[in-house]
Q: 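My questions will all concern the structure given below.
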Amino acid sequence: SIAHFYSYDSLANKKITEKIISYDKEFLERCEYVFNTDGQLVQIVRTNNDGADETQVAHTRYKNEYTQSYTLNGVLQKTIRTSLRKGKKESGEKVVLTKQFLNGKPLKAMEEIKDTKGQLISLSEFVPDPEKEERFALEATTYYTYEPSGSLSKTRTKNENTEQEKEYIYQYDGTESDNWIRQIITPDNSYTSRRISYYEIPKDEESVEEKE
């Protein structure tokens, strides 16, 4: 029911303009995304019938930490802090902590820890601390275990009072690709099914070149 049109300006610092209109050609919204000379997003200007909002994006580095801070009309909305740290194994872990704010006060947060393969090791969820308004309190943490193939095999979720485990069982299609076609989650006894179609890759023209 709506259409998005994009234009790209690279004469100075890169800028992308997005126009959103309805199929009745009614203007809905215009967004300008401004980047710095390093290609980092630094500003978003959103204009609609209610007026204009400006989001500033600050980029800061401290040792092995990189933080993006989003402020809307001068009020902090979100921060994303990415860092690398040594894990239990010799290989490092990537930690991404995302905090969201409402009117400048904590709303919710989550911390993702991933291994060098990009697999999620743990996910911690936070809520506003009832005792300290400016801080977050841990609500629950989920730990992920994988099969050698990379498929998720188990999750374990812990909060202050309970602990819950789920196991993931797979049925495979028996082809050379060995893709799973059903994922069963216990003890929920829920499942997800997939139907996979395979197509032959067209042969190159090596034989034609040899003949020439």
Side-chain angles (χ1 to χ4, degrees), residues 10 13-16 18 31-46 53-168 183 185:
S10 61
N13 291 347
K14 184 174 74 172
K15 181 174 71 173
I16 297 175
E18 176 187 18
C31 297
E32 287 187 352
Y33 305 90
V34 182
F35 299 78
N36 62 17
T37 54
D38 294 327
Q40 297 171 323
L41 178 66
V42 294
Q43 184 184 52
I44 305 171
V45 180
R46 190 183 306 273
D53 291 311
E54 183 176 313
T55 299
Q56 298 289 339
V57 186
H59 303 263
T60 57
R61 291 188 181 275
Y62 177 73
K63 294 184 179 180
N64 66 334
E65 294 181 354
Y66 167 61
T67 303
Q68 296 172 280
S69 301
Y70 294 75
T71 56
L72 174 62
N73 299 329
V75 180
L76 183 62
Q77 298 290 305
K78 179 174 66 173
T79 63
I80 304 173
R81 188 186 70 192
T82 304
S83 60
L84 298 176
R85 72 181 186 189
K86 293 183 179 180
K88 295 179 180 179
K89 300 180 180 180
E90 292 184 0
S91 58
E93 295 175 343
K94 180 180 179 180
V95 183
V96 180
L97 175 61
T98 303
K99 297 180 180 180
Q100 297 186 36
F101 303 86
L102 180 64
N103 298 324
K105 294 184 178 180
L107 177 62
K108 61 181 179 180
M110 67 176 184
E111 182 185 69
E112 299 173 285
I113 300 179
K114 298 181 179 181
D115 62 17
T116 53
K117 297 179 181 179
Q119 291 180 321
L120 188 61
I121 300 173
S122 67
L123 173 63
S124 298
E125 298 175 271
F126 300 83
V127 295
D129 191 326
E131 298 180 358
K132 299 179 181 179
E133 293 184 358
E134 303 302 320
R135 296 190 177 184
F136 290 94
L138 178 63
E139 183 178 45
T141 300
T142 301
Y143 301 92
Y144 299 82
T145 304
Y146 299 87
E147 296 181 349
S149 63
S151 297
L152 181 64
S153 63
K154 184 171 69 174
T155 61
R156 180 168 56 92
T157 302
K158 295 177 61 177
N159 58 28
E160 186 177 355
N161 301 314
T162 62
E163 181 173 330
Q164 182 183 27
E165 286 192 0
K166 292 184 180 181
E167 292 190 3
Y168 295 76
Q183 179 195 66
I185 304 175

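Numbers for residues simply follow the sequence, beginning at 1.
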Q: Below 4.5 Å, heavy atoms only, C-beta onward: do Tyr143 and Lys158 meet side chain to side chain?
A: yes

Q: Under 3.5 Å, side chain of Asn36 to main-chain N/O of Asp38, donor-acceptor pair present?
A: yes

Q: Taking distance alone, no hydrogens or angles, what donor-acceptor pairs closer than 3.5 Å link side-chain atoms of residues 100-110 to residues at least two apart or in another chain?
A:
none

Q: Output all residues satisfying salt bridge (Lys or Arg N to Asp or Glu O under 4.0 Å) with Lys166, sequence neighbours left out; order by chain, then residue number.
A: Asp188

Q: Going from OG on Ser83 to NZ on Lys94, what distance comes out if it is rounded to the nearest 0.5 angstrom?
A: 10.0 Å

Q: Measure the shortest side-chain to side-chain distance between Phe136 and Asp129 over non-hydrogen atoms and say whether it is less than 4.5 angstrom.
A: no

Q: Please list every donor-acceptor pair under 3.5 Å in which a side-chain atom of residues 65-73 meets a protein atom from a residue at least two apart or in another chain.
A:
from: Tyr66; atom 1: OH; to: His59; atom 2: ND1; distance (Å): 2.6
from: Asn73; atom 1: OD1; to: Glu54; atom 2: N; distance (Å): 3.0
from: Asn73; atom 1: ND2; to: Asp53; atom 2: OD1; distance (Å): 2.9

Q: Kindly write out the residues that satisfy salt bridge (Lys or Arg N to Asp or Glu O under 4.0 Å) with Glu32, not counting sequence neighbours, or none if the list is empty.
A: Arg30

Q: Show me the side-chain donor-acceptor pairs of residues 147-157 shorter than 3.5 Å, one per line, residues at least two apart or across chains.
A:
from: Glu147; atom 1: OE1; to: Tyr172; atom 2: OH; distance (Å): 3.2
from: Ser153; atom 1: OG; to: Thr145; atom 2: O; distance (Å): 3.0
from: Thr157; atom 1: OG1; to: Thr142; atom 2: OG1; distance (Å): 3.0

Q: So, taking the atom named NZ in Lys63 and the one named CG in Leu84, what distance separates them when rounded to the nearest 0.5 Å?
A: 15.0 Å

Q: Kindly compute the distance separating CD1 (Ile121) from OH (Tyr146), expressed to the nearest 0.5 Å.
A: 8.0 Å

Q: If every non-hydrogen atom of Leu120 is compared with every non-hydrogen atom of Tyr144, which pair is closest and at what distance?
A: O-CB, 3.2 Å

Q: Could you check whether any side-chain heavy atom of Gln77 comes within less than 4.5 Å of a side-chain heavy atom of Thr55, counting everything from C-beta outward?
A: no

Q: Return the CD to NZ distance between Gln119 and Lys114, rounded to the nearest 0.5 Å.
A: 10.5 Å

Q: Does CD in Glu163 sit with more than 12 non-hydrogen atoms of other residues, nucleotides or ligands closer than 6.0 Å?
A: yes

Q: Distance from Cys31 atom SG to Glu18 atom CD, nearest 0.5 Å?
A: 5.0 Å

Q: Which value, rounded to the nearest 0.5 Å, describes the distance between Glu112 atom CD and Thr98 atom OG1?
A: 6.5 Å

Q: If I compare all heavy atoms of Thr141 with all of Leu138, which pair ends up nearest, and what's the gap?
A: OG1-CD1, 3.6 Å

Q: Could you list the residues that satisfy salt bridge (Lys or Arg N to Asp or Glu O under 4.0 Å) with Arg46, not counting sequence neighbours?
A: Glu29

